[in-house]
Visitor: 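First the structure, which I've put down as structure tokens, then a few questions once you've had a look.
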There are 2 protein chains.
Amino acid sequence: MSQPISIRQQSSVAKTSCLHCSLSNLCLPLALDDSDLSQLDEVVSRDRVFSRGELIFSQSTPFRSCFAVKSGAVKTSIITESGDEQITGFFMPGELVGLDSMSDEAHASTAKALERTNVCEIPVDRLEELVHVLPGLQHHLFHLMSQEIRNSHQLSVLLSKNTAEERIAALLLSLSSRFKRRKLSSTHFNLPMARNDIANFLGLAVETVSRVFTRFQNQGLIRARGRDIELLELEALQVMALGNSQP
Amino acid sequence: MSQPISIRQQSSVAKTSCLHCSLSNLCLPLALDDSDLSQLDEVVSRDRVFSRGELIFSQSTPFRSCFAVKSGAVKTSIITESGDEQITGFFMPGELVGLDSMSDEAHASTAKALERTNVCEIPVDRLEELVHVLPGLQHHLFHLMSQEIRNSHQLSVLLSKNTAEERIAALLLSLSSRFKRRKLSSTHFNLPMARNDIANFLGLAVETVSRVFTRFQNQGLIRARGRDIELLELEALQVMALGNSQP
DNA sequence: CGTAGGTTTGAGTCGGGTCAAGAAATGTGG
DNA sequence: CCACATTTCTTGACCCGACTCAAACCTACG
């Protein structure tokens, strides 16, 4: 499902050029014109497929490439010195993974496919060269990286200020808007990640996540059967996600 | 105190060129050679001074410049939709503030001087131009931004996995290592921020911060009189900062 | 020298963690 | 396709760390 549109639809995997990839407006929005895109096209290795649970790259290994998610979903996590995992992000089609290691020797995090996932590999040395000649691309990369910083700051806010219910409402809404951006249903979708991953990402215990899901369901806010989620009351969830700091 | 070394030490504020700034190896390490530095030098407006509590820039205002801290200290924070503040970082001399808004229309956060602070202003439009011709600078900027992402991820870990004691130990050690980097004492320094800011940053209540400080003092780990802090047992603090996940 | 902001200390409460155990989904091999 | 194994998810009971509320104490600065 949600296969990028391609000119020559060959085999099960679409060999799309950047120029014709339906995700290009997410992965590399506006900034680039057609001639720029075709230059980028040449440095990208397409059609790298990972099945559920496979590592795309892992922490402390040499950093060579960024990856654009084409289909499926990816989680990134870091292993702390004390040995436990902290998920730092979920990446959906059209999003760029690996920016936290840009211009660094080694990967700062580990990326794992949450389901069968198709990515485009973008070698950084080639990318950095290309950036020299394409001002638009440079600007765009700065933009993506700063967005990544802001995302992480948002996560910090969530973790330090919000209750379990607020965190989960916020995550559901974030996923919702990302599905919407891809022209998919914003109210009915499949969670790519397990409850465990949600808990880890949001700094909660799995049990708490489970409890909140059933509570939301009892309140009529969502309908959840396993990973199949339907958002019934978007407004109510939005209100909840904001939190009740000073009413 | 901790004034950058300058050739011509004029007035109270040192008008140092990037070339001779004692912080250049932090703000723009290694990557640049002397001729690169002098090019950078020309786009930087030096000697912007802010006194305690003054805003350097504020959220949602047009983004024009990044700022390098020369002396003093800065905190950045975001105001959430629900109206409360979340401090996203503290910036010490040699560190770059504002990267979370790179190539964005408006500032994503607010930066406020914690004490009398001296910064260099770096206009981004000039910076982006300069980056075209200086590959080393581009690489370095990518590096700084990715570091910023990693810092924020580290904060997320702290907030979601660690106890109050662990968070505070980690903050003290972070400050310690940053003082050390500047060739200042790593065990005896003045906190640039109030307990309140520490609490906000670490997702704790002020009272908790205060209690932990006194607890640390009673355990002989630190000696604290107001903002004057002495780290007595670095190793013990390091062990504590790691947390007791799976012993 | 007085007032406001910052800091400390105490008492009480609760959200969410832990532990334990069952239910559902998913996978595996015969 | 079914029986069994394993992982994932849910539910319940209990407990603790950190928050809240409240009040006293400092300290800096006009």
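Order of the sequence lines fixes the chain letters, A, B, ..., with proteins taken first and strands second; residue numbering starts at 1 for each chain.
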Visitor: By ring pair (Phe, Tyr, Trp, His ring centres under 6.0 Å), which residues pair with A:F213, not counting sequence neighbours?
Guide: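 Once residues adjacent in sequence are excluded, A:F213 has no partner under the ring pair (Phe, Tyr, Trp, His ring centres under 6.0 Å) criterion.
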Visitor: Between B:R195 and C:dT8, is there a side-chain N or O to OP1/OP2 distance below 4.0 Å?
Guide: yes
Visitor: Applying ring pair (Phe, Tyr, Trp, His ring centres under 6.0 Å), name anything that partners A:F179, two or more places apart in sequence or on another chain.
Guide: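 A:F179: ring pair (Phe, Tyr, Trp, His ring centres under 6.0 Å) contacts with A:F189.
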Visitor: Determine the interplanar angle of the B:H107 and B:F63 rings, folded into 0 to 90°, and report it as parallel if under 30°, tilted if 30 to 60°, perpendicular if over 60°.
Guide: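 Judged by the thresholds at 30° and 60°, the geometry between B:H107 and B:F63 is perpendicular.
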Visitor: Rounded to whole angstrom units, what separation is found between the CG atom of A:L159 and the P atom of C:dG16?
Guide: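 Answer to the nearest Å: 13 Å.
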Visitor: Determine, stepwise, if the pair B:D84 / A:K161 fulfils salt bridge (Lys or Arg N to Asp or Glu O under 4.0 Å).
Guide: CA-CA 9 Å; B:D84 41 25; A:K161 294 249 187 309; 5.9 Å; no
Visitor: Of A:E165 and B:V209, whose nearest nucleotide on DNA chain C comes first from the 5' end?
Guide: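 Comparing both residues, the 5'-ward one is B:V209.
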Visitor: Rounded to the Å, how far apart are A:L191 CG and C:dA25 P?
Guide: 15 Å
Visitor: With sequence neighbours left out, which residue pairs that include part of residues 48-63 of chain A fulfil the side chain to side chain donor-acceptor pair (under 3.5 Å) condition?
Guide: A:R48-A:E121, A:S51-A:E54
Visitor: Would you say the side-chain atoms of B:S77 and B:Q86 include a donor-acceptor pair closer than 3.5 Å?
Guide: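 Their side chains do not contain a donor-acceptor pair, so the 3.5 Å distance test is not met.
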Visitor: So, does B:T76 use its side chain to make a donor-acceptor pair with the main chain of B:S109 at under 3.5 Å?
Guide: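 No; zero donor-acceptor contacts below 3.5 Å.
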Visitor: Nearest to the side chain of B:S210, heavy atoms from C-beta on, is which of C:dT8, C:dC19, C:dG16?
Guide: C:dT8
Visitor: Pull out every residue in residues 199-206 of chain A that has a heavy atom closer than 4.0 Å to any atom of DNA chain C, ordered by number, or say none.
Guide: A:G203, A:L204, A:A205
Visitor: When the axes are fitted on five pairs at both termini, how much does the helix from C:dC1-D:dG30 to C:dG30-D:dC1 curve, in 10° steps?
Guide: 50°
Visitor: A:F213 CZ to C:dA24 C1': how many Å, rounded?
Guide: 16 Å
Visitor: State, yes or no, whether a side-chain contact exists between B:T117 and B:E115 at a heavy-atom distance under 4.5 Å.
Guide: yes
Visitor: Round to a whole Å and report the spacing from CG of B:N218 to P of C:dT8.
Guide: 12 Å
Visitor: Determine whether any donor atom in the side chain of A:R211 lies under 3.5 Å from an acceptor atom in the base of C:dT18, or the reverse, and answer yes or no.
Guide: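 Such a pair exists between side chain and base.
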Visitor: Nearest 0.5 Å please: distance from the CZ atom of A:F91 over to the CG atom of A:L96.
Guide: 8.5 Å
Visitor: Could you state the CD-P distance from A:E207 to C:dA21, rounded to the nearest angstrom?
Guide: 14 Å
Visitor: Rounded to the nearest Å, what distance is computed from the CD atom of residue A:E115 to the C1' atom of nucleotide C:dT26?
Guide: 16 Å
Visitor: Less than 4.5 Å apart, any side-chain heavy atom of A:E95 and any of A:R178?
Guide: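 Yes, side chains in contact.
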Visitor: Fit a plane to each ring of A:F50 and A:F67, take the angle between them on a 0 to 90° scale, and name the class: parallel (under 30°), tilted (30 to 60°) or perpendicular (over 60°).
Guide: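 Because their plane-to-plane angle is over 60°, the rings of A:F50 and A:F67 count as perpendicular.
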Visitor: From the 5' end of DNA chain D to its 3' end, which nucleotides mark the outer limits of contact with chain A, defined by a 4.0 Å heavy-atom distance cut-off (strictly under)?
Guide: D:dC9 to D:dA13
Visitor: How long is the line joining CG of A:L158 and P of C:dG16, in whole Å?
Guide: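 Value for this atom pair: 12 Å.
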